[in-house]
Amino acid sequence: MKALLLSAGLGTRLQPLTNVLPKCLVPINGRPLLEYWLQYLENDISEILVNLHYFSELVTQFIQNSSYSQKVQTVYEPKLLGTGGTLFCNRNFFSNESVMLIHADNLCFCDFRQFIQSHHNRPKGTEITMMTFTTPTPETCGIVELDKTGTVQRLHEKVNSPPGNLANAAVYIIEPSVIDFMKKKKKEVIDFSTEVLPHFMGRINAWHNQAYHRDIGNIDSLTNAQIEFFGPVDVPVESDPWADFCGKANIPQAQQIMLSLASALEANIIPLMPKQPCKILEQVNLFSKETNSTMLVSDHIPIDLENKINCVKSTLAPQEKMFTLFHLAPSGFSTKQLFDITNLPGFIICTSH
């Protein structure tokens with residue numbers, strides 16, 4: 001089975017962070033979002049197509065220098081075609097086979113082999129398998145209603161008072177007949193959610209992701225993903241395009257990410273260890289505006305992290321909201337551990353070896 005990873009979006013709800021990098025390269029637990037998708041699909045997907053538009057050169061550079069380059073092809077869209085339009089435009093890549101269609105701006109952990117098996121064993125007459133998840137904010141998602149066979153009967157797209165919290169994860173496995181249907185539309189730009197899914201109501205199999213799924217749609221969701229992150233991070237031993245992009249060799253890029261994150265969080269920046277030099281803060285104008293938020297920044301995670309945090313806390317107003325940000329962290333460390341130790345939302349830009 002082949003897969004289409006949709007990675008061309010502008011990520012406007014994550015601005016100003018997405019003013020310096022595309023949404024699919026936003027770091028979560030010190031690694032870019034796109035890398036998680038490539039890592040988790042590697043064993044079950046034969047070839048992956050990634051569509052590009054915004055900051056396409058950065059995404060291309062990351063993929064070409066990664067260990068996934070032999071398995072991944074890219075296609076540039078001068079004009080965004082919509083989910084359905086991209087799928088239809090690249091139909092020849094899928095060779096009239098089933099295809100996994102993925103919105104790569106989600107963070108998703110699950111057993112993809114079971115997801116594929118569910119599609120193979122889907123109820124008779126169904127042509128799409130939709131991944132679902134349980135959402136705490138149903139009004140912001142597409143909420144699905146199923147019949148007794150697990151087939152989608154209705155889809156309520158971002159409505160007030162939705163009938164439940166079973167949400168569409170925007171990850172699908174699609175039969176060639178769905179692409180044949182899109183051909184009849186005779187148009188270039190096609191929205192999959194509003195122009196394709198409604199036509200297939202009653203013919204969509206649902207598979208529930210019981211592990212983890214979150215749409216990285218805004219800064220609050222990105223912050224929560226850092227707190228919730230639980231998966232191990234595999235850092236390449238040799239070539240590491242993400243470390244080349246914003247690690248020790250490219251501190252200016254890491255500074256840009258740090259500044260844009262602080263701006264998105266409306267936080268002033270102060271060094272976590274003021275008496276020690278911090279490369280990531282060199283030649284950076286720290287914020288001095290009136291805010292109720294502060295980001296504590298350091299190159300590395302200190303051994304006595306909790307004590308360092310408490311020392312800084314004692315100098316700040318009790319009501320002040322605080323975040324931590326580290327340029328580099330060891331591969332065995334996670335943003336979840338940061339939160340458990342400090343009770344503060346934490347960001348890691350790059351996980352080092």
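Numbers here simply count residues along the sequence, with the first being 1.
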### Query
Taking Ser298 as the fixed residue, which of Leu328, Leu325, Leu272, Leu281 is the one that meets the side chain to side chain contact (heavy atoms under 4.5 Å, CB included) rule?
Leu272
### Query
Are Met131 and Phe112 close enough that some pair of their side-chain heavy atoms sits under 4.5 Å apart?
yes
#### Entry: Heavy-atom pair with the smallest gap, counting every atom of Phe333 and Ile341
CZ-CD1, 3.9 Å
### Validation row: Met182, Lys187 side chains within 4.5 angstrom (heavy atoms)
no
### Task
Determine whether Cys108 and Asn209 make a side-chain contact, defined as any pair of heavy atoms from C-beta on separated by less than 4.5 Å.
yes
### Message
Distance check, rounded to the nearest 0.5 Å: Leu101 atom CG versus Ile173 atom CD1?
### Response
10.5 Å
### Task
Answer whether the closest heavy-atom distance between the side chains of Cys141 and Phe133 falls below 4.5 Å.
yes
### Query
In terms of hydrophobic clusters joined by side-chain contacts under 4.5 Å, are Leu87 and Met100 together?
no
#### Entry: Under 3.5 Å donor-acceptor, Asn19 side chain and Gln15 backbone
no
### Message
In the structure I gave you, are the side-chain heavy atoms of Val171 and Met130 within less than 4.5 Å of one another anywhere?
### Response
no
### Any donor-acceptor pair under 3.5 Å from Ser66 side chain to Ile63 backbone
yes
### Message
Using the rule side chain to side chain contact (heavy atoms under 4.5 Å, CB included), only one of Leu25, Val235, Ile348 pairs with Arg31; which is it?
### Response
Val235
### Message
If we ignore hydrogens and angles and just use 3.5 Å, is the side chain of Asn168 paired with the main-chain N or O of Gly142 as donor and acceptor?
### Response
no
### Query
Does Asn29 offer a backbone N or O that forms a donor-acceptor pair with the side chain of Gln226 under 3.5 Å?
yes
### Task
Working to the nearest 0.5 Å, report the span between CG of Asn224 and CG of Asn218.
8.5 Å
### Task
Would you confirm whether Glu77, through its side chain, and Leu81, through its main-chain N or O, come within 3.5 Å as a donor-acceptor pair?
yes
### Pair Asp180-Ser177, side chain to side chain donor-acceptor pair (under 3.5 Å): steps then yes or no
CA-CA 5 Å; Asp180 292 340; Ser177 57; over 6 Å; no
### Query
Rounded to the nearest 0.5 Å, what separation is found between the CD atom of Gln337 and the OG1 atom of Thr342?
11.0 Å
### Message
Check whether Ser293 reaches the backbone of Ala267 with its side chain - one donor and one acceptor, N or O, closer than 3.5 Å.
### Response
no
### Query
Is there a donor-acceptor contact under 3.5 Å from the side chain of Thr135 to the main chain of Thr137?
yes
### Task
Looking only at non-hydrogen atoms, find the nearest pair between Phe323 and Thr223 and report the distance.
CE2-CG2, 4.4 Å
### Message
Is the shortest side-chain heavy-atom distance between Thr74 and Leu49 below 4.5 Å?
### Response
no
### Message
Treating His156 as the side-chain partner and Pro162 as the backbone partner, does any N or O pair qualify as donor plus acceptor under 3.5 Å?
### Response
no
### Message
For Asn292 and Gln319, which I'm curious about, is there any donor-acceptor pair between the side chains at under 3.5 Å?
### Response
no
#### Entry: Reported OH-to-SG distance for the pair Tyr36 and Cys24, which is rounded to 0.5 angstrom
14.0 Å
### Value rounded to 0.5 Å, distance of CG in Leu107 from CH2 in Trp37
8.0 Å
### Task
Grab the two heavy atoms, one from Asp215 and one from Asp105, that are nearest each other, plus how far apart they are.
OD1-O, 3.6 Å
### Query
To the nearest 0.5 Å, how far apart are CG in Leu4 and CD in Glu47?
13.0 Å
### Message
Please find the pair of heavy atoms, one from Lys23 and one from Gly11, that lie closest to each other, and give the distance.
### Response
CD-CA, 3.9 Å
#### Entry: Donor-acceptor side-chain pairing of Asn205 and Thr126 below 3.5 angstrom
no
Please output the side-chain donor-acceptor pairs of residues 241-248 that fall under 3.5 Å, not counting sequence neighbours, one pair per line with the distance.
unit_1 : atom_1 : unit_2 : atom_2 : d
Trp242 : NE1    : Gly30  : O      : 3.4
Trp242 : NE1    : Ile349 : O      : 2.9

### Query
Does Ser118 reach the main-chain N or O of Gln114 with its side chain, forming a donor-acceptor pair under 3.5 Å?
no
### Query
Is there a path of hydrophobic side-chain contacts, each under 4.5 Å between heavy atoms of I, L, V, M, F, W or Y residues, that connects Leu265 with Met322?
no
### Task
Side-chain contact test, heavy atoms from C-beta onward, threshold under 4.5 Å: evaluate it for Leu146 versus Thr151 and give yes or no.
no
#### Entry: Check: Asn65 main-chain N/O paired with Ser69 side-chain donor or acceptor under 3.5 Å
no
Counting only pairs under 3.5 Å, give me each side-chain donor-acceptor contact of residues 89-99, with atom names and distances, residues two or more places apart or in other chains.
unit_1 : atom_1 : unit_2 : atom_2 : d
Asn90  : ND2    : Thr86  : O      : 2.8
Arg91  : NH1    : Phe88  : O      : 2.7
Ser98  : OG     : Glu175 : OE2    : 2.5

### Query
Any side-chain heavy atom of Leu6 within less than 4.5 Å of one from Thr83?
yes
### Whether Phe109 and Tyr212 hold their rings parallel, tilted or perpendicular, with breakpoints at 30° and 60°
tilted
### Task
Determine the interplanar angle of the His103 and Tyr172 rings, folded into 0 to 90°, and report it as parallel if under 30°, tilted if 30 to 60°, perpendicular if over 60°.
perpendicular
### Query
Side-chain heavy atoms under 4.5 angstrom apart, residues restricted to Ile, Leu, Val, Met, Phe, Trp, Tyr: same cluster for Phe229 and Leu38?
yes
#### Entry: side-chain hydrogen bond (donor to acceptor under 3.5 Å, both in side chains) partners for His300, two or more places apart
none
### Task
Let me see the working for Asn268 and Thr291 under side chain to side chain donor-acceptor pair (under 3.5 Å), right down to the final yes or no.
CA-CA 7 Å; Asn268 284 309; Thr291 72; 3.1 Å; yes
